[in-house]
Every structure is written in structure tokens, then in C-alpha cells.
Student: 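So that we are looking at the same thing, I have put the structure below in C-alpha cells.
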Amino acid sequence: MILLRHWVPILFAFLAAYPFLPFAAANRGEQLTILFVYAILALGLNVVLGYTGLLHLGIAAFFGIGAYTVGILTVPFLPFHQSFLVAALAATLVAAVTGVLTTAPILRLRGDYLALVTLGFGLIVLYAIRNLDAITEGTKGLNPIEAGPVPGFSGQDMTAWQLHPDWGRRWYNYPYLYFLTLAVLGLTMLFLRNLERSRLGRAWVALREDELASSCMGLNPARLKLAAIAIGAGLAGLAGAFYAMALRTTGNPAAYDFTLSMIAVCCVILGGLGNRPGVLLGTFLLIGFDRILTNILDNLIQEQLGSGGANYLKVSGWKLFIFGTVLIVMMRFRPEGLIPEARHQRELHPEADEAIGLAAARAEAADPHHPKPAPDSPAAVADPAAVADPAADPTPR
């Protein structure tokens, strides 16, 4: 039970020690680096969707803005030539400012209407990136991204840090970028934990539960929504910066389409809305299955069955079917997610609170020293057993 309670720090400790383990492989570590990037993206969306309750379907646009900001500031054929630290900070700031500017005119929209508008914003960003050939190189993407980690240090010769032959010689190779991305993910978790317990985090929860009641209590819904969008978009831009650096290219603009936004939403819902460890678990299960576990299972099937007939049994060919089935089962039997936030769990399972209240009322009725309410009192109307004979059996017949 103690291990389950503290599984997040144990997981981070294992991931930090992974490059030093004898079975660690460079290609697997690079896949884990991309997994950490998607976890940062999902945590950013959780601020908007889980904490504040805004159904935003354009988080992939901020991810793409962050990636292309890093590409523009670092590729050799453009005149900027900044380090990755400067480019990542710029990507976070540009994504956050873009999120505020595009959300301010639509603050009055809610639910499906907000989802449709943010979906349209994501499509606009995608087609803008694709058609601005002079800046973004169109569908080819910006490459190569060869920036140094900080100003004044190129990071091109990491030979002194090589403890294993599989380790790279440049700072953006495995495991140096792996450690950096894992550290940023850990800092993001700590930042969001403190944010949850702050005045702003509690105000977000109040806004999510009832916007009218929160505004009557003196909160400003417009400022709260803009703050959530700024932080969520900023984290998405930071994730996009690490994504571009890990691949050394921005890649095809199709990588930042609506599908990525829906994958991020699924990660948040699968793990548990509003719960940081749940979102982390949902991302690791969903993206880990897609990018890591599927390849491992395919290789095992290939080794066991050979080339003949194995193509029909590849897990990669069935992964969408498996993913859809899991989502259906989850929404049917555990709609609150794998590790739900306590408030969301109570909202989706009100029968549990009702059973606790009924049990407490019957326990009071069975207590001979507890005064019985009057027959016409609200307590008697709610539970007639409260006015029954205390010596009688309180169990309903």
C-alpha cells in the first residue's frame, strides 16, 4: 500500500536511473523522451480542462507554435541563431500570449460552443503553418535544429560525460536531453501541485463547479479563464519546444492537427480529470502503448511466429481497435478515470454519498440516547426510520 501511495516519486526515481541500467537502450530512451513531452502537454491541458472546466480542443495549436518558435530561432538559414534555453522561453511566452489573445474575445462561450471555436483556432494555426513557406518551409518543416543548450555553450562535445557506448556526443542526444526533459516534467508536476493549493487553484475549482456562484462570491471569471489558458498554453508551447529539439526538426505540420488535441484530451480523461498523477498515468498508458509497447509486442510476435502469418497478428494493426474498446469500457464502468479527483468521483457517483448519509441517519435512529425528531420534521420526512422505535431493527424490510 505504501508503494501504491507514493508511486509517482518511485516512477520518477526509476526513470532517472533507467539510463544506468544494463538493459537500457538508446532508442527506447529517445521514445521515453517523447513520452515525457506528451506528459507535459497533457498536464497543460489539464489546467484548462481539469481545473477550470473549459473544453479546449486547440491545445495542439499551442504545441505547434512552441515547436515552430524553436525552429525559427535556431535553424541555421534564418538570422536569429539562439540557444535552446532562449528559444524554449520564447516558445512558452509566445504560446501563452497567443492563447490569451485568441481566448479573450470568446470568454462568454461555454461547452460545445467553446469547443467548436477552439477547434477552428487549431485548424487556422495548422493551415497558417502549412502555407507560410517563407518562414515555416511548408510541409517540409524547419530543420536541422542544432542549437546549443545555453548561450555561450554549444554542447557539441559530450565525450567526457559518456558513461556508456550508447550515449551520444551532443547535448541533445540520449540521455542528456532525456534527463533534461524528465527534470522539466518533474518541475511541472511540482509547479502544478503548488498551483492547485494556491488561491488561484481554489478559484479555478470554484469556477469549474459553478461560474455564477463564483462570480457572486467576488471572483472574476474572465481573469481566471485567461490565467488558465495562459498557463495551459504556455506549458503546451514548452512541450512543443522539447518536441522539436528531440526530433531536431519541426516535422510535418500534420503532427499538430486535431488528432493530437484529441489524444491529449483522452490522456486527461483516461487518467482522471483534475488529478495530476492521474493525467501522468493516462499519458504513460496511452502514449506508451502507442509508441513503445506496440513495437515490443510486434517484435515478440515476429520472433515467435516468423514472417508467415505474423502480419495479421501485429498489435500495431489493431491498436486503434484496442484503444477504442478501452475508452468504451472506461466510460461505461469508470467514467471518472483511473485515478480520479475526489470531487469528480463524488459527482459521478452520488449514490455513495447518499448511502453514507442514510447509514448515518439510521445509526442515529438506533441510538437510544439520541433524541428522536418530531414526526413532521425534515429529518423524519427524509428517513421515516428516524422516528421508529429505537429498539426496532432499523434495516429496511
Side-chain angles (χ1 to χ4, degrees), residues 1-21 23-24 28-52 59 63 174-198 200-202 204-205 208 228 231-232 234-236 238-239 242-243 246 263-293 296 326 330 334-346 348:
M1 294 298 294
I2 296 179
L3 294 179
L4 292 177
R5 187 180 306 171
H6 302 285
W7 70 271
V8 174
I10 293 174
L11 175 64
F12 272 88
F14 170 77
L15 292 173
Y18 173 79
F20 303 98
L21 300 178
F23 57 83
R28 197 73 66 216
E30 292 173 353
Q31 292 172 342
L32 287 173
T33 303
I34 300 299
L35 185 62
F36 302 156
V37 168
Y38 282 116
I40 298 173
L41 174 65
L43 289 171
L45 178 61
N46 187 51
V47 173
V48 180
L49 179 60
Y51 295 166
T52 319
I59 197 69
F63 188 74
Y174 171 82
Y176 315 111
L177 188 62
Y178 171 95
F179 285 130
L180 180 60
T181 311
L182 179 62
V184 171
L185 176 59
L187 291 175
T188 302
M189 292 283 290
L190 292 176
F191 168 69
L192 293 181
R193 185 194 68 175
N194 295 333
L195 195 61
E196 287 176 15
R197 302 175 181 179
S198 67
L200 179 60
R202 295 192 296 270
W204 280 340
V205 173
R208 181 191 66 194
I231 294 176
L235 289 176
L238 180 63
F242 276 92
Y243 179 79
I263 290 176
V265 171
C266 291
C267 291
V268 173
I269 295 177
L270 179 65
L273 276 171
N275 191 14
R276 289 174 297 101
V279 173
L280 187 67
L281 178 62
T283 306
F284 276 33
L285 290 177
L286 182 56
I287 306 300
F289 170 77
D290 182 32
R291 289 182 169 266
I292 300 176
L293 185 59
I296 295 175
V326 169
M330 282 293 301
R334 197 172 177 84
E336 67 274 18
L338 294 174
I339 309 180
E341 185 194 25
R343 186 177 287 105
H344 275 104
Q345 190 171 20
R346 288 196 299 268
L348 294 173

Student: Tell me whether E336 is salt-bridged to R334, with the criterion being a basic N under 4.0 Å from an acidic carboxylate O.
Tutor: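 R334 and E336: salt-bridged.
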Student: Would a distance-only check, ignoring hydrogens and angles, find a side-chain to backbone donor-acceptor pair under 3.5 Å from R291 to Q31?
Tutor: no
Student: Between R208 and T52, is the side chain to side chain contact (heavy atoms under 4.5 Å, CB included) condition met? List the steps.
Tutor: CA-CA 5 Å; R208 181 191 66 194; T52 319; 5.6 Å; no
Student: Do you know the tightest heavy-atom contact between L270 and G282?
Tutor: CD2-O, 4.0 Å
Student: Is the closest side-chain heavy-atom distance between Y18 and P175 below 4.5 Å?
Tutor: no
Student: Checking side chain to side chain donor-acceptor pair (under 3.5 Å) for the pair Y51/E196: CA distance, chi angles, key distance, verdict?
Tutor: CA-CA 8 Å; Y51 295 166; E196 287 176 15; 2.3 Å; yes
Student: Grab the two heavy atoms, one from A228 and one from V48, that are nearest each other, plus how far apart they are.
Tutor: O-CG2, 3.6 Å
Student: So that I know where these two stand, are F242 and F36 an aromatic pair - ring centroids less than 6.0 Å apart?
Tutor: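 No; F36 has its ring centre 6.0 Å or more from that of F242.
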Student: Could you tell me which non-hydrogen atom of L185 sits nearest to which non-hydrogen atom of A39, and how far apart they are?
Tutor: CD1-CB, 3.8 Å
Student: For a quick test of reading the model, state the closest non-hydrogen atom pair linking L35 to G288 and the distance between them.
Tutor: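 Shortest heavy-atom contact: CD1-N, 3.6 Å.
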Student: Check step by step if side chain to side chain contact (heavy atoms under 4.5 Å, CB included) holds for F23 and R28.
Tutor: CA-CA 10 Å; F23 57 83; R28 197 73 66 216; over 6 Å; no
Student: Got a second to check how far L15's CG is from F12's CZ, nearest 0.5 Å?
Tutor: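 Going from the CG atom of L15 to the CZ atom of F12 covers 7.0 Å.
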Student: Under a 3.5 Å distance rule, please check whether N46 uses its side chain to pair with a backbone N or O of V268 as donor and acceptor.
Tutor: no
Student: Atom CG of L32 and atom CD1 of I287: how far apart are they, to the nearest 0.5 Å?
Tutor: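 That separation rounds to 12.5 Å.
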Student: In Å, rounded to the nearest 0.5 Å, how long is the span from OH of Y174 to CZ of F179?
Tutor: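 Between atom OH of Y174 and atom CZ of F179 there are 7.0 Å.
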Student: CD1 of I59 to CG of L235: how many Å apart, nearest 0.5 Å?
Tutor: 8.5 Å
Student: Check Y178 against P19 and note the closest heavy-atom contact, atom names and distance.
Tutor: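 Here Y178 and P19 meet closest at CE2-CG, 3.6 Å.
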Student: So P340 and L273, do their side chains get closer than 4.5 Å, heavy atoms only?
Tutor: no
Student: Considering non-hydrogen atoms only, spot the tightest contact between L195 and S198 and give its length.
Tutor: O-OG, 2.6 Å
Student: Let me confirm one number: the CG-CG distance from L338 to N275, rounded to the nearest 0.5 Å.
Tutor: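 So the CG of L338 and the CG of N275 are separated by 10.5 Å.
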Student: Working to the nearest 0.5 angstrom, can you tell me the gap between L43 CG and I231 CD1?
Tutor: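 That separation rounds to 12.5 Å.
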Student: Return yes if some donor-acceptor pair links the side-chain N/O of Y243 with the main-chain N/O of Y38 below 3.5 Å, else return no.
Tutor: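 Not a single qualifying donor-acceptor pair exists.
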Student: Please tell me if the side chains of D290 and L286 come closer than 4.5 Å, counting only heavy atoms from C-beta onward.
Tutor: no
Student: Can you check whether T181's main-chain N or O pairs, donor with acceptor, with T33's side chain at less than 3.5 Å?
Tutor: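 Absent.
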Student: Could you walk me through whether L11 and F284 pass side chain to side chain contact (heavy atoms under 4.5 Å, CB included), step by step?
Tutor: CA-CA 11 Å; L11 175 64; F284 276 33; 3.6 Å; yes
